[in-house]
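Whatever order the structure lists them in is the order used to number ligands and atoms, beginning at 1. Everything numeric in this text was worked out from a predicted model, so none of it was measured.
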Amino acid sequence: MKKPVHVAVTGAAGQIGYSLLFRLASGEVFGEDTPVHLHMLELPQAIKAAEGTAMELEDCAFKTLAGIHIHDNAEAAFNGIHWALLVGSMPRGPGMERNDLIRANGPIFVGQGKALNRAASDVRVVVVGNPCNTNALIAQHNCKDIPPTRFSAMTALDENRAKWQVAAKAKVGVGQVTNMAIWGNHSSTMVPDFENALIDGKPLTSVLTDRKWLETDFFTTVQKRGAAIIDARGKSSAASAASAAIDHVKNLLNPTKTGDFFSAAVPSNGKHYGIPSGLMFSLPLRSNGKDWEVVEGIKLSDFTKAKIKLTTDELLAEREVVKELLG
Ligand code: NAX
């Protein structure tokens, strides 16, 4: 067996946690030969529920599950971890505006950023809890000793949603769709870049020629998918979000296939595609299994540039709302 990997999941008793933990424990992410220790962080009032989830994890008898550690204290939960999946946050309540949610959840990520700084060193931090880009920015700013490039926020769900929609329209398998970049914020301003996506290695726009559908129905379906799921299910997306979090970790952990890329929100440094520095911005990335790099040379049309401007402005405004939390 290889060296054990320690993975913290916050909000472990929540909906996403209930799907995510089992897949992390199963061996599918870190391999059949890597023991996994799960560090579950929850609020004190949800510890009992976390204990119930832990019992079910035990009852799966996953050969790779080496330990379960339940905490209501972030520093204890993050001690010596290699991955932090920050899922737990406050859901948007009735009448709450996006800025109210940003202000309500920001302090969680100040505390968790500081706890990570004290308790972990060789760690990769993935933020899922919304608003995930700005929460990731807050955590990163409050974690001075860990390189900013170790922080990311999840837009893999948006990428998966976009791929499925075009695959269904083109009547091909979803695996035939590649190079689907998501630019910007995980919000209704996100930009699913159909112009640079490929179907079976050919430009998507040469296979799907209905430009009007791509610019309207496709765009809004992807941008508003989360709301459509809440409307249908009465609850926000959970299993698909957990599955995307698994994809996100695998994307970072394994070398990217030649010619392809994946999307995640990472710290912008002002050197790519005119995106201002100091945002947590979803970009097309490649991984060598250890570090990621931004894919260069993607051509952006005026249509896509205008959409990217909207999502950039939204992220700049979110950063302004939380500026006093950025340490
Ligand atoms: P749930 O409300 O089911 O679970 C959240 C859990 O977090 C609760 O058990 C709660 O006790 C816990 N929690 C709250 N504050 C905490 C803290 N300070 N420390 C530790 N635990 C804490 O939400 P769920 O459906 O699991 O969603 C979790 C988050 O993911 C939400 O913010 C949600 O908006 C976000 N999502 C992000 C997505 C993405 O693509 N980035 C998509 C799915 C989802 O909407």
Side-chain angles (χ1 to χ4, degrees), residues 8-22 39-54 69-78 84-93 96 98 100-102 104-116 125-139 142 151-162 182 184-190 192 222-231 233-249 251 262-265 280 282:
V9 175
T10 74
Q15 290 200 91
I16 295 176
Y18 191 71
S19 285
L20 181 58
L21 288 159
F22 295 83
H39 297 228
M40 297 165 60
L41 178 67
E42 256 300 348
L43 296 176
Q45 61 270 28
I47 288 293
K48 189 157 182 243
E51 286 168 353
T53 303
H69 316 275
I70 302 176
H71 298 278
D72 63 7
N73 172 287
E75 199 168 328
F78 295 156
L85 304 184
L86 307 185
V87 180
S89 59
M90 189 185 291
R92 196 192 295 209
M96 235 177 158
R98 190 170 168 90
D100 299 332
L101 184 73
I102 293 169
N105 277 322
I108 295 176
F109 294 86
V110 172
Q112 292 183 354
K114 289 188 170 147
L116 280 164
V125 184
V126 180
V127 180
V128 175
N130 278 325
C132 65
N133 299 55
T134 294
N135 289 340
L137 189 71
I138 295 169
N142 285 280
F151 286 77
S152 58
M154 185 175 95
T155 54
L157 181 55
D158 310 306
E159 179 181 333
N160 289 344
R161 287 167 170 168
I182 302 292
N185 203 2
H186 169 68
S187 77
S188 59
T189 65
M190 83 187 71
V222 177
Q223 289 180 327
K224 299 195 173 151
R225 188 69 159 182
I229 287 168
I230 294 174
D231 191 39
R233 219 171 77 87
K235 291 181 191 161
S236 56
S237 38
S240 58
S243 194
I246 295 289
D247 290 340
H248 181 116
V249 173
N251 284 338
F262 62 92
S263 295
M280 210 43 90
S282 184

Next on the checklist: For atom 20 (C) of ligand 1, which of the options Leu86, Leu157, Leu41 provides the nearest non-hydrogen atom?
Outcome noted: Leu41
Checklist entry - Met154 heavy atoms, cut-off 4.0 Å: which ligand 1 atoms fall inside? => result 39 (C), 40 (O), 41 (N)
Item to check | Nearest-contact summary for atom 28 (C) of ligand 1 - protein heavy atom, Å | outcome: Val87 O, 3.4 Å
Item to check | Shortest reach to atom 40 (O) of ligand 1 by a heavy atom, considering only Arg161, His186, Glu159 | outcome: His186
Checklist outcome for this item: min-distance protein heavy atom vs atom 41 (N) of ligand 1 -> Val128 O, 3.2 Å
Checklist entry - Hey, is Cys132 one of the residues with a heavy atom under 4.0 angstrom from ligand 1? => result yes
Checklist entry - Which residue and non-hydrogen atom of the protein lie closest to atom 2 (O) of ligand 1, and at what distance in Å? => result Pro91 CG, 4.5 Å
Next on the checklist: Could you identify the single nearest non-hydrogen protein atom to atom 44 (C) of ligand 1 and state the distance to 0.1 Å?
Outcome noted: Ile16 CD1, 3.7 Å
Checklist outcome for this item: Distance col, row Gln15:CD vs Ser236:OG, nearest 0.5 angstrom, shows 4.5 Å
Checklist outcome for this item: In this structure, CD1 of Ile182 is separated from CG of Asp158 (nearest 0.5 Å) by 5.5 Å
Item to check | CZ/Phe22: more than 12 non-hydrogen atoms of other groups inside 6.0 Å | outcome: yes
Next on the checklist: So for Ala238, does at least one of its heavy atoms come nearer than 4.0 angstrom to any atom of ligand 1?
Outcome noted: no
Checklist outcome for this item: Which of Leu21, Leu20, Val128 passes side chain to side chain contact (heavy atoms under 4.5 Å, CB included) with Leu85? It is Leu20
Checklist entry - Between Arg161 and Ser237, do the side chains contain an N or O donor and an N or O acceptor separated by less than 3.5 Å? => result yes
Checklist outcome for this item: Numbered in order shown, the ligand 1 atoms found under 4.0 Å of a heavy atom of Gly11 are 6 (C), 7 (O), 12 (C), 20 (C), 21 (N)
Item to check | For Ser236, atoms of ligand 1 separated by under 4.0 Å from a heavy atom | outcome: 25 (O)
Next on the checklist: Just verifying a value: how many Å separate Asn251 CG and Ile246 CD1, rounded to the nearest 0.5 Å?
Outcome noted: 11.5 Å
Item to check | Protein contact to atom 31 (C) of ligand 1 [nearest heavy atom, distance to 0.1 Å] | outcome: Ser89 OG, 3.7 Å
Checklist entry - Between Asn130 and ligand 1, is there a nitrogen or oxygen pair with a distance under 3.5 Å? => result yes
Checklist entry - Taking atom CD1 of Ile70 and atom NE2 of His39, what is their separation to the nearest 0.5 Å? => result 12.0 Å
Checklist entry - Tell me, which protein residue and heavy-atom name are nearest atom 23 (O) of ligand 1, and how many Å apart are they? => result Gln15 N, 4.5 Å
Next on the checklist: Students should be able to answer this: which protein heavy-atom is nearest to atom 10 (C) of ligand 1, and at what distance?
Outcome noted: Glu42 OE1, 3.5 Å
Next on the checklist: As an exercise, identify every atom of ligand 1 less than 4.0 angstrom from a heavy atom of Ser237.
Outcome noted: 43 (C)
Next on the checklist: What protein heavy atom lies closest to atom 22 (C) of ligand 1? Include the residue and the distance to one decimal.
Outcome noted: Leu43 CG, 3.7 Å
Item to check | ligand 1 contacted by Gln112 (non-hydrogen, < 4.0 Å) | outcome: yes
Checklist entry - At a 4.0 Å threshold, what atoms of ligand 1 neighbour a non-hydrogen atom of Ala241? => result 42 (C), 43 (C)
